[in-house]
A.B. asks: 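Handing you a structure now.
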Number of protein chains: 2
Amino acid sequence: MPGKERTDAGGTLDGATEERILHAARTVFVRRGTSGARMQEIAAEAGVNQALLHYYFRTKDGLAQAVFREVAGRLAPAIARLLGSDAPLEDKVERFVHLYIDTVRQHPYIPAYILAELHHHPERLRALQDAAGVQPARAVGAIVERLRAQLEERAAAGTMRPIAPEQFLVNVLGLVVFPFAARPALVIALEMDDEAFGRFLDARRAELPRFILDALRP
Amino acid sequence: MPGKERTDAGGTLDGATEERILHAARTVFVRRGTSGARMQEIAAEAGVNQALLHYYFRTKDGLAQAVFREVAGRLAPAIARLLGSDAPLEDKVERFVHLYIDTVRQHPYIPAYILAELHHHPERLRALQDAAGVQPARAVGAIVERLRAQLEERAAAGTMRPIAPEQFLVNVLGLVVFPFAARPALVIALEMDDEAFGRFLDARRAELPRFILDALRP
DNA sequence: GTCTATATTGTGATAGAC
DNA sequence: GTCTATCACAATATAGAC
């Protein structure tokens, strides 16, 4: 791993070049998709030349992996911790909805990028699971088992009707993630500008927890 | 538009070469993404040579547009007709869930392709709206207004709590589309094989309508 | 570490025979 | 309509000066 020592001699503006490249790469990969992105465009975005990208990340795929790890690492650990925790189900749902929308709203194209990347490189899921903290292979498995216990407990108490934890998880994810994944289409189809989309998200943030919980009333 | 007249002289196996190319292109575009797809791979998949793709579709982008239109045209009109109809809300929800899952299950990677394509080429939404039949610009608008009327009617009658039609639409879409869009990740994370994913879809098909309607009980 | 070439291969597109 | 051959340029990657 090069770029560990920084004397800052001859530094143009800020310090970390490697950081700047990674950031620029994220922008371009998200904008164009991994295979649509061009090393030249990334270099320009970072204000350096193309050779430097290879100096730090060797190949385009190396850079792509680094970007995916960095992007996945933002949210995955927090989500895994939250969903796997012992907090009551109601709290989990509400906190997840708020956490996800509040975080992703600042980078609304990230979910589409993640989904597309996983579509073409499913093996990179491992990076996401690593980022989530727990034992790589079973990070999601642990969350599902925790949810299963909580859902069964509620069902037994008669305060919620039964649902498989996998279905529950996909329901919650779908409701929260889909508006971002489909944003370009939604914005046009529903004739929203950025501000309207923001209000749309505000409303979801407020309504979604109740929607999800009400759907499971007995 | 070439390829209208077919003498079938020298045809290798089936008749329509243009059809074969379009089909092969769909396969490869869905597999690799539009910019990741290579004309050579499409040609091989179709069992023809690369020059022939240009003969029929002139450019790669031309082929990409044709594929998008073809794929969008499968479902969009039926969905638009259903959601814009006068059928009771409960029927709409159930029929939509069934229609979508039953249709897309045969080509499970299509939704991810559509979302990715709209992400990088939002202007192609017009093709989708054209395919939906109604006046291009307001196809979705009409659906939203129909839903609004139905939802307000229910709210006034006290049989459903109020919800904005845009939110309702995105909820339904998210619940139905997300599992397909995220399929590669879900299959790995939830440790499913194709058969397990099929059972997962069966369960959703059966449970989702009630889930959606229960969430809006007053 | 950062730059300017440059090598090398990939890729969309066309020309022209059949 | 379909093919082979090839062009022209785009794009990743490397060499080597500073």
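Small disclaimer: the values here were computed from a predicted structure and weren't measured. Atoms considered below: every heavy atom in the structure, side chains included; atoms not considered: hydrogens, waters and symmetry mates.
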A.B. asks: Among dA13(C), dT2(C), dG1(D), which is the nearest nucleotide to the side chain of L52(A)?
C.D. replies: dT2(C)

A.B. asks: For D86(B), is there an ion pair with K92(B) - N to carboxylate O distance below 4.0 angstrom?
C.D. replies: no

A.B. asks: State which residues pass ring-ring contact (aromatic ring centres under 6.0 Å, His included) with H119(A); sequence neighbours excluded, sorted by chain then number.
C.D. replies: Y109(B)

A.B. asks: Among residues 64-71 of chain B, which residues get a heavy atom nearer than 4.0 Å to DNA chain C?
C.D. replies: none

A.B. asks: What residues, two or more places apart in sequence or in another chain, satisfy salt bridge (Lys or Arg N to Asp or Glu O under 4.0 Å) together with D91(A)?
C.D. replies: none

A.B. asks: dT2(C), OP1 or OP2 - any side-chain N/O from T17(A) closer than 4.0 Å?
C.D. replies: yes

A.B. asks: Please give, in whole Å, the distance from dG1(D) P to F57(B) CZ?
C.D. replies: 12 Å

A.B. asks: How would you list, by chain and number, every residue that makes a ring-ring contact (aromatic ring centres under 6.0 Å, His included) with F96(A), sequence neighbours excluded?
C.D. replies: Y100(A)

A.B. asks: Taking the six-membered ring for Trp, are Y113(B) and F68(B) parallel (under 30°), tilted (30 to 60°) or perpendicular (over 60°)?
C.D. replies: tilted

A.B. asks: Check R210(A) with E94(A), please: is the shortest side-chain N to carboxylate O separation under 4.0 Å?
C.D. replies: no

A.B. asks: Return no unless some side-chain N or O of H54(B) is found under 4.0 Å from OP1 or OP2 of dA13(C).
C.D. replies: yes

A.B. asks: Find the distance Q40(B):CD to dG12(C):P and express it as a whole number of Å.
C.D. replies: 9 Å

A.B. asks: Would you mind checking if E45(B) and R20(B) are paired as a salt bridge, meaning a charged N to carboxylate O distance below 4.0 Å?
C.D. replies: no

A.B. asks: Grab the CG-P distance between L53(A) and dT12(D) for me, whole Å please.
C.D. replies: 10 Å

A.B. asks: For dC3(C), take OP1 and OP2 only and decide whether either is under 4.0 Å from a side-chain N or O of Y55(A).
C.D. replies: no

A.B. asks: So that I can tick it off, tell me whether R31(B) and E41(B) are bridged by a salt bridge, with the cut-off set at under 4.0 angstrom between side-chain N and carboxylate O.
C.D. replies: yes

A.B. asks: Take nucleotides 4-11 of chain D nucleotide by nucleotide from the 5' end and write B, S or -, depending on whether a protein heavy atom sits under 4.0 Å from the base, only from the sugar-phosphate, or from neither.
C.D. replies: B------S

A.B. asks: Send over the distance from Y56(B) OH to dG12(C) C1', rounded to a whole Å.
C.D. replies: 19 Å

A.B. asks: Pair up each side-chain donor or acceptor in residues 23-30 of chain A with any protein partner under 3.5 Å, not counting sequence neighbours, and list the distances.
C.D. replies:
{"unit_1": "T27(A)", "atom_1": "OG1", "unit_2": "H23(A)", "atom_2": "O", "d": "3.1"}

